[in-house]
Protein chains: 2
Amino acid sequence: MKKLQCDLKTNIQRQLALKDAIELLSGKWKISILRSLYLSGPLRFKDLTVVSGGITPKVLSSELQQLEENMLISRTVNNTKPVTVSYALTNYALETLPVIEALVKFGLQHRATIKSKI
Amino acid sequence: MKKLQCDLKTNIQRQLALKDAIELLSGKWKISILRSLYLSGPLRFKDLTVVSGGITPKVLSSELQQLEENMLISRTVNNTKPVTVSYALTNYALETLPVIEALVKFGLQHRATIKSKI
DNA sequence: CAGAATCCCTGGGGATACTG
DNA sequence: CAGTATCCCCAGGGATTCTG
């Protein structure tokens with residue numbers, strides 16, 4: 001009984017945590033952005049528009065701001081001739097790598113099973 | 001060079017796979033539904049509305065249909081007095097567990113770090 | 001180059017009520 | 001109970017243009 005209550009409690013905690021995580025990472029581009037930064041290291045605004053493939057500046061700007069608010073990326077301005085800005089993963093963002101890896105793995109499996117069905 | 005091209009190619013594959021996975025699991029409730037089914041085993045429609053907490057029948061119905069289309073859940077009708085319907089995870093859906101677990105883990109960490117900041 | 005400003009628009013999601 | 005039928009709404013996204 002004690003055990004059961006404890007389990008219930010932790011499950012609720014986990015349910016809430018799950019919702020939080022989904023909320024943080026929700027959006028059409030955030031996870032792809034994180035993965036790009038992980039693979040390529042710090043990238044500039046323009047690079048991200050290219051790498052992400054098809055995202056418009058306004059939307060990218062929005063996504064980046066949200067990611068920065070949640071401490072998942074850092075923004076640094078470089079004093080170059082025309083000003084450039086670099087975005088990089090924070091250490092904290094490394095915690096999201098397992099999520100991304102799991103998603104990629106699942107996606108690959110899914111593509112494989114789909115292909116075998118056709 | 002050969003190696004680099006190969007890496008690029010697999011990265012593109014992975015990028016696409018990632019997009020697919022995100023697409024499949026996108027939605028405000030899908031992942032929570034999957035987790036509930038995983039924890040509790042097969043559940044009926046009504047149960048899912050309760051467990052998910054606040055989802056309306058129309059939306060639940062929509063989410064379930066999409067999940068079924070993607071072979072992540074199965075729908076079975078039981079010949080009971082008033083008809084009942086059970087939803088269960090497919091074997092295939094088990095592949096999503098790492099994703100869910102990773103999300104929960106991240107969510108818990110996030111809550112911890114947030115709490116420590118306040 | 002890095003973005004802000006504007007305008008637009010679809011659909012995901014919700015509230016409510018109804019049916020078999 | 002297990003949904004469908006309607007109606008509704010706004011926020012997430014997008015296209016385009018403009019500025020420092």
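The sequence lines fix the lettering, A, B, ..., with proteins before strands; numbering per chain opens at 1.
Per the geometry, CD belonging to E23(B) stands 13 Å off C1' belonging to dG12(C), to the nearest Å. The nearest whole Å value for the distance from the CZ atom in R44(B) to the C1' atom in dC1(D) is 8 Å. For the pair N78(A) CG and dA2(C) P, the computed distance is 9 Å after rounding to whole Å. When the C1' atom of dG3(D) is taken as reference, atom CG of L64(B) falls 10 Å away, rounded to whole Å. When the C1' atom of dG12(C) is taken as reference, atom CG of L67(B) falls 15 Å away, rounded to whole Å. Taking atom CG of residue L48(B) and atom C1' of nucleotide dC1(D), one finds them 13 Å apart after rounding to whole Å. For the pair I22(B) CD1 and dG12(C) P, the interatomic distance rounds to 16 Å; values are reported in whole Å.
Residue Q65(A) places no side-chain N or O under 4.0 Å from the OP1 or OP2 atom of dA2(C). In this model, the phosphate group of dC1(C) is approached by a side-chain N or O of K46(A) to a distance below 4.0 Å at OP1 or OP2. OP1 or OP2 of dG3(D) has at least one side-chain nitrogen or oxygen of Y87(B) nearer than 4.0 Å. In terms of phosphate contacts, R75(B) brings no side-chain nitrogen or oxygen within less than 4.0 Å of OP1 or OP2 of dA2(D). OP1 or OP2 of dG13(C) has not a single side-chain nitrogen or oxygen of S62(B) nearer than 4.0 Å.
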task = Quick one: do S62(B) and Q66(B) satisfy side-chain hydrogen bond (donor to acceptor under 3.5 Å, both in side chains)? Show the steps, please.
result = CA-CA 6 Å; S62(B) 163; Q66(B) 294 174 43; 3.1 Å; yes

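Here the straight-line distance linking atom CD of E63(A) with atom CG of L48(A) works out to 11.5 Å at 0.5 Å rounding. R44(A) contributes atom CZ, which lies 6.0 Å from atom OG1 of T84(A) (distance to the nearest 0.5 angstrom).
Ring geometry for Y87(A) versus F45(A): interplanar angle of 30 to 60°, hence tilted.
Evaluation of the ring-ring contact (aromatic ring centres under 6.0 Å, His included) rule for Y38(A) yields no partner, not counting sequence neighbours.
The shortest distance between side-chain heavy atoms of L94(A) and L97(A) falls below 4.5 Å.
With I33(A) as reference, L64(A) is the one residue of L89(A), L72(A), L64(A), L43(A) to meet the side-chain contact (heavy atoms from CB on, under 4.5 Å) rule.
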query = Using a cut-off of 4.0 Å between protein heavy atoms and nucleotide atoms, how would you tag nucleotides 5-14 of chain D 5' to 3' with B, S and -?
reply = BBB-----BB

